[in-house]
Amino acid sequence: MLIAGNWKLHKGPEETAAFCRALRDQLEWVDGVDVAVCPPFVSLSAAVQALAGTNVAVAAQNVHWAAEGAFTGEISAPMLFELGVYGAIVGHSERRQYFGESDEGVARRAHAALEAGLWVIACVGESAEERESGETELVLKLQTQAIADAVGPHDQLTIAYEPVWAIGTGNTATPDQAQAAHAFIRSLLDVPILYGGSVNPENASDLLDQPDIDGALVGGASLDVASFSAICRAAAPSS
Ligand code: PGA
């Protein structure tokens, strides 16, 4: 079970260090759950330092496909690896929606990160319109297949199913909706699959109890140490 916190555009280095120190204390007794935080690029180093010697991993929110070159504004996988970062998210719907990232580009980013030795959380998910018009499986298939074609069932690859309509809306997928989507994705690519979209301490257990849900990618509720720790505890085998 993996619980990853996607901070998006929140927390500079100072706030990151304070959060990570508090998280260390909160999670000391949580066993059997892998935990990761995904701060903005400029705060990765502070997180790596504050979490050194703990089981909490640090991951980036994106990574470029080239190791180096003329790609202004991008960060490469070897650079992240050098920093002590364990992995990267790729293909988050906000990257696809606001920054024009394509299925092909996402697949290339995943491939480069895995090649560099990073873990990858690759996001897929349908919009509200796509769900309403019965295209959920088609969209999930196209997005997942692009990743599968590029890297296959790599042992450092995790998929995150994040229905776009559930992200930041408080409108979580029901456990049944999430389970159905996860089972479908698993039929295409058999790797661990996280659910993301308005996960909070109240709904986490019901979602994580589903057989094909292997963890959560948490946005808003990961910004607060108490709520993020509560979700991590809900994922613990004994809970
Ligand atoms: P949310 O975001 O938990 O705030 O809905 C999840 C995500 O975008 O990864």
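These numbers come from the heavy atoms of this one structure, side chains and all, not from hydrogens, waters or symmetry mates. Counting from 1, the numbers follow the sequence of the chain as shown. First listed ligand is number 1; within each ligand, the first listed atom is number 1.
- With contacts defined as side-chain heavy-atom distances shorter than 4.5 Å, the pair L2/V33 does not qualify.
- Near K8, meaning under 4.0 Å from one of its heavy atoms, ligand 1 places the atoms 2 (O), 7 (C), 8 (O).
- Given atom 4 (O) of ligand 1, the protein heavy atom at minimum distance is G220 N, 2.8 Å.
- Side chain of N203 to backbone of N200: a donor-acceptor contact under 3.5 angstrom is found.
- Protein heavy atom nearest atom 7 (C) of ligand 1, with residue, atom name and distance: E162 OE2, 3.2 Å.
- Using a 30° and 60° split on the angle between ring planes, Y161 and H182 fall in the perpendicular class, above 60°.
- Not a single heavy atom of G170 sits under 4.0 Å from any atom of ligand 1.
- Which parts of ligand 1 touch G197 is read off a 4.0 Å heavy-atom cut-off, strictly below it: atoms 5 (O).
- Remark: ligand 1 atoms within the under-4.0 Å shell around heavy atoms of L217 are 9 (O).
- When the options G168, G219, S222 are ranked by their closest heavy atom to atom 5 (O) of ligand 1, first place goes to G168.
- A salt bridge links E126 with R131: at least one charged nitrogen is closer than 4.0 Å to a carboxylate oxygen.
- Of the heavy atoms in A160, none comes closer than 4.0 Å to ligand 1.
- At least one heavy atom of S198 sits less than 4.0 Å from an atom of ligand 1.
- Ligand 1 lies out of reach of G196, whose nearest heavy atom is not under 4.0 Å from it.
- Of the heavy atoms in I167, both backbone and side-chain atoms come closer than 4.0 Å to ligand 1.
- Contact annotation: the side chain of K11 approaches that of L223 to within less than 4.5 Å [non-hydrogen atoms, C-beta and beyond].
- E135 places none of its side-chain heavy atoms less than 4.5 Å from the side chain of E129.
- Put simply, OG1 on T16 and CZ on R21 are 10.5 Å apart, with the number rounded to the nearest 0.5 Å.
- Close contacts between ligand 1 and A166 involve ligand atoms 5 (O) [criterion: under 4.0 Å to a heavy atom].
- The aromatic rings of W65 and F71 stand perpendicular to each other, their planes meeting at an angle above 60°, with 30° marking the opposite boundary.
- With hydrogens and angles disregarded, no donor-acceptor distance shorter than 3.5 Å links the side chain of T144 to the backbone of K141.
- Taking any N or O of H92, backbone or side chain, at least one lies under 3.5 Å from an N or O belonging to ligand 1.
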